[in-house]
Asks: 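Before I ask anything, here is the structure I am working with.
Only a predicted model underlies this, so the values are computations on that prediction, with no experimental measurement involved. In what follows, chains carry the letters A, B, and so on, assigned in the order in which the sequence lines appear, proteins first and then strands, with residues in each chain numbered from 1.
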Amino acid sequence: MSLTRTHTCGALTESDAGEKVTLNGWVAVRRDLGGVIFIDLRDRYGVTQIVFDQENETLHKKAEQLRTEYVIGVKGIVRKRGEENINPEMKTGTIEVVAHELEIYSEAETTPFEIKDGIETNEDTRLKYRYLDLRRPKIQQNLMMRSDFNQSVRAYFYDHDFTEVETPFLMKSTPEGARDYLVPSRVNAGKFFALPQSPQTYKQLLMVSGFDRYFQIVKCFRDEDLRADRQPEFTQIDVEMSFVNEDDVLDMTEGLMKKIMHDVKGIDIDIPFARMTYDEALQTYGTDKPDTRFGLPIVNFSEIVEESEFKIFSRTVADGGAVLGIKVPGQGDMGRGAIDRLTERVQRETGAAGLIYIKLNEQDGIKCSVEKFLKEETVTAMVEKAEAEQGDLVLILAGPDPQVYKQMGTLRLMMGEEHDLIDQSTYNFLWVTDFPLVEWDSDEHRYHALHHPFTAPKPEDVEKMDDDPAEVRSRAYDLVLNGYEIGGGSIRINQREQQKQMFDLLGIDSEEAQERFGFLLDAFKYGVPPHGGIALGVDRIVMILAGGTSLRDVIAFPKNKNAQSTMDGSPAEVDKEQLDELHIRLKNTLTNN
RNA sequence: GGUCCGGUAGUUCAGCUGGUUAGAACGCCUGCCUGUCACGCAGGAGGUCGCGAGUUCGAAUCUCGUCCGGAUCGCCA
């Protein structure tokens with residue numbers, strides 16, 4: 001390494017003109033004009049143009065060998081570019097470095113894809129060569145932003161007297177909830193650790209221990225199927241506080257988000273955030289994580305059509321379902337073909353039985369797709385309730401509650417995207433509160449916790465826990481940003497008796513409760529402060545701040561859709577000796593050598 | 001696990017109602033070129049049309065199977 005850099009490739013400006021500098025980096029582009037060779041030299045800070053002219057013939061000859069992605073060192077003089085040669089697209093576009101010395105540190109084969117932003121190469125190929133993908137400026141910026149993000153989080157919590165505590169990755173498996181990643185124990189034959197889905201129990205134990213303000217930026221693991229916004233290992237900002245109510249946690253979180261937005265994006269957001277109950281979110285937006293960057297609220301037509309002679313409407317309402325609509329402004333003249341395609345898509349993607357519409361346009365007046373079954377005043381009443389005007393389109397779905405709300409929510413998002421109703425430049429934070437404590441699982445014939453089994457019920461609903469558990473609301477809250485759930489938490493149960501009652505409700509008998517969570521119940525014998533907290537999804541938040549829609553753009557080495565890393569070939573088979581040590585034998589259908 | 005879509009050059013794709021030697025763009029290689037910055041110009045290399053079987057005189061193209069990938073639903077306390 002004989003040419004050690006004095007500057008990075010994004011640093012030089014006109015004021016450095018005349019300076020003798022050394023740069024290191026990768027050859028991004030080579031433009032060989034014969035008598036003069038231009039090289040765009042790239043590092044993670046930027047790109048600087050290097051010039052090799054013919055004055056030094058040996059050097060020029062050497063520069064002719066340069067190819068894309070060669071790693072080089074260049075010593076030269078910074079020169080201000082002539083007026084006509086300034087490149088306004090480049091940060092360093094007013095200068096160039098006239099090379100006097102060149103060292104080629106490493107040659108490079110042709111890369112499987114070009115190292116630049118905006119390439120359309122398959123994610124699969126990019127993941128296989130992730131180290132090359134990570135050379136692309138956009139992904140480098142994302143990871144640097146993520147680093148800023150972490151700095152900002154730590155500074156915030158440090159300033160607010162939080163203690164950062166690391167909790168174990170090897171812990172006890174808790175079958176409740178998502179599937180655990182298991183780790184066999186060599187020392188303890190036949191026994192397994194689980195990787196944490198979250199450090200939930202540990203952070204509650206820390207409250208028992210008296211660490212009244214705890215946080216951690218921590219990896220969590222869930223062995224479930226992947227999505228664009230779901231990876232098997234992901235990072236949370238885990239927070240827990242003692243002697244607090246909901247508002248204390250929400251306030252602290254809002255302060256954190258405000259600082260992050262300021263530090264990372266330079267944006268000052270308003271706090272406190274809007275709040276909405278779970279019921280309101282579901283009824284108005286058809287989801288518990290509404291994207292409030294655009295309107296199109298759901299309108300309920302059930303009362304208008306419950307007496308209707310149109311059986312699909314009246315029977316749906318009679319069976320406890322709902323007839324819902326949304327008004328799509330300015331789409332009243334949508335053609336038959338477009339509506340048919342939309343209907344097909346809605347059926348395919350939401351499972352809705354069909355799509356009914358009312359069009360309001362000059363040509364047809366008010367035109368409803370099922371008008372021959374409906375009284376004119378029924379159609380008019382729906383138009384009025386939807387507040388639809390000339391030129392608007394009303395889309396209607398009928399179906400069982402709660403499915404039809406979810407379907408309508410999906411349709412609403414489709415319309416928002418398709419008709420460009422979403423303001424991409426805004427960040428809409430929203431608290432969703434008053435979640436149900438439990439939900440009936442018709443497959444397993446039991447209740448399961450909507451949040452987790454340690455979430456406290458609302459005091460005013462506690463009496464319903466025995467008779468009408470589905471009606472009990474919890475002290476849980478979710479933080480939603482632009483339609484993504486970016487965090488969730490709750491005030492926890494801090495009484496042993498209530499915790500037992502909760503386990504009862506979930507069908508976990510006291511023996512099982514003792515076996516699974518005995519350590520927590522025992523801890524609660526010795527003085528528990530009231531406590532609660534929240535966990536925020538780092539990957540998702542950074543993804544949204546980076547303007548992306550895939551978590552893989554903000555994770556250095558992500559897994560593909562099948563939870564594999566094609567780059568290093570994991571997961572992989574292991575030697576028989578390794579399995580033997582772990583006291584594991586594979587099923588006959590599987591082989592290992 | 002279900003449903004739908006796809007697999008052709010290093011990359012992104014076209015070709016698919018069967019028919020000459022499978023094309024384009026970018027990338028790559030060679031030559032020319034002293035102000036380019038998506039450099040330009042000229043030339044060139046590069047293909048198991050995912051794999052297997054079938055139909056046919058003839059298959060990238062049609063059929064079946066299989067593998068791989070993507071979207072979506074289930075799943076994600």
Asks: Contact between E246(A) and Y477(A) at the side-chain level, heavy atoms closer than 4.5 Å - yes or no?
Replies: yes
Asks: Give a yes/no answer on whether the side chain of N562(A) brings an N or O atom under 4.0 Å of OP1 or OP2 in rG69(B).
Replies: yes
Asks: Is any side-chain N or O of R222(A) closer than 4.0 Å to OP1 or OP2 of rA77(B)?
Replies: yes
Asks: Is F113(A) stacked on the base of rU11(B) when the test is centres under 5.5 angstrom and planes under 30 degrees?
Replies: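 No, aromatic ring not over the base.
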Asks: Just compare rC26(B), rC76(B), rC39(B) and give me whichever is closest to any side-chain atom of A178(A).
Replies: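 Comparing rC26(B), rC76(B), rC39(B) against the side chain of A178(A), the answer is rC76(B).
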Asks: Are OP1 or OP2 of rG27(B) and a side-chain N or O of T68(A) less than 4.0 angstrom apart?
Replies: no
Asks: Taking the side chain as everything from C-beta on, heavy atoms only, tell me whether V183(A) gets closer than 4.5 Å to L170(A).
Replies: yes
Asks: Distance check: side-chain N/O of K561(A) vs OP1/OP2 of rC68(B), anything under 4.0 Å?
Replies: no
Asks: Roughly how many Å is it from CZ in R552(A) to C1' in rG70(B), rounded to a whole number?
Replies: 10 Å
Asks: In terms of side-chain heavy atoms of E114(A), which of rC26(B), rC75(B), rU36(B) is nearest?
Replies: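 For E114(A), the side-chain atoms sit closest to rC26(B).
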Asks: Taking the nucleotide of RNA chain B with the closest heavy atom to each, which residue, E224(A) or T566(A), is nearer the 5' end?
Replies: T566(A)
Asks: Take F517(A) and F503(A), measure what ring pair (Phe, Tyr, Trp, His ring centres under 6.0 Å) needs, and give me the verdict at the end.
Replies: CA-CA 10 Å; F517(A) 303 112; F503(A) 286 143; 5.2 Å; yes
Asks: Of N87(A) and T121(A), whose nearest nucleotide on RNA chain B comes first from the 5' end?
Replies: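 Upstream on the strand: T121(A).
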Asks: To the nearest Å, give me how far apart CZ (R67(A)) and C1' (rC28(B)) are.
Replies: 10 Å
Asks: Are any of R31(A)'s side-chain N or O atoms less than 4.0 Å away from OP1 or OP2 of rU36(B)?
Replies: no
Asks: Whole angstrom is fine here: how far is it from CD in Q204(A) over to P in rA77(B)?
Replies: 16 Å
Asks: From NZ of K559(A) over to P of rG69(B), roughly how many Å is that when rounded to an integer?
Replies: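 After rounding, the gap between these two atoms is 15 Å.
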Asks: Nearest of rC75(B), rC37(B), rG35(B) to any side-chain atom of R227(A)?
Replies: rC75(B)
Asks: Please check the phosphate of rC68(B) (OP1 and OP2 only) for any side-chain N or O of K128(A) closer than 4.0 Å.
Replies: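 Result: no.
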Asks: So L450(A), base contact, sugar-phosphate only, or nothing? Heavy-atom distance under 4.0 Å.
Replies: sugar-phosphate
Asks: Do the side-chain N or O atoms of N85(A) get closer than 4.0 angstrom to the phosphate oxygens (OP1, OP2) of rC37(B)?
Replies: no
